[in-house]
Amino acid sequence: MALMTIEQVAEYLGVQVERVKRLERESLLIGKDKDDAGNAMFNEDDVQRYKELAERIGGI
């Protein structure tokens with residue numbers, strides 16, 4: 001399981017970092033771990049599945 005930082009997720013999804021933080025707060029993306037600064041780390045497979053789903057229902 002590869003973990004992605006908030007910044008990596010934002011780049012992959014093509015959104016701003018604040019959007020990724022909001023997705024986590026709203027439990028649309030679930031953080032699997034925390035980095036040294038306390039920021040969420042996301043499972044790469046979960047991020048890919050979220051992107052596919054979001055694209056199917058009209059965009060991120």
Side-chain angles (χ1 to χ4, degrees):
M1 170 177 72
L3 294 177
M4 299 173 73
T5 65
I6 290 176
E7 291 80 11
Q8 290 171 323
V9 173
E11 183 178 331
Y12 180 74
L13 297 177
V15 298
Q16 295 180 358
V17 170
E18 290 304 316
R19 175 74 184 255
V20 176
K21 290 177 181 179
R22 189 176 75 205
L23 291 171
E24 187 203 12
R25 275 195 313 271
E26 295 173 352
S27 299
L28 296 171
L29 275 175
I30 307 297
K32 298 294 181 188
D33 203 355
K34 299 279 184 181
D35 65 10
D36 294 336
N39 297 315
M41 302 282 291
F42 301 93
N43 180 326
E44 184 175 6
D45 294 334
D46 291 347
V47 174
Q48 289 173 347
R49 280 193 295 274
Y50 173 79
K51 183 176 182 176
E52 290 170 10
L53 176 65
E55 288 172 346
R56 277 190 252 152
I57 61 173
I60 296 174

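On a predicted model such as this, the values are computed, not experimentally measured, just so you know.
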When you group the ILVMFWY residues by side-chain heavy-atom contacts below 4.5 Å and let the links chain together, are I30 and I6 in the same group? no
Pair E18, K21 - check salt bridge (charged side-chain N to carboxylate O under 4.0 Å, His left out), show working. CA-CA 5 Å; E18 290 304 316; K21 290 177 181 179; 3.6 Å; yes
Residue pairs, two or more places apart or on separate chains, that pass salt bridge (Lys or Arg N to Asp or Glu O under 4.0 Å) and touch residues 4-14: none
Report all side-chain donor-acceptor pairs from residues 35-56 shorter than 3.5 Å, counting only partners two or more places apart or in another chain.
from, atom 1, to, atom 2, distance (Å)
D35, OD1, A37, N, 3.0
D35, OD1, G38, N, 2.9
D35, OD1, N39, N, 2.7
N43, OD1, D45, N, 2.8
D46, OD1, R49, NH2, 2.5
K51, NZ, Y12, O, 3.2

Rounding to 0.5 Å, atoms CE (M4) and CG (L29) come to a distance of 10.0 Å
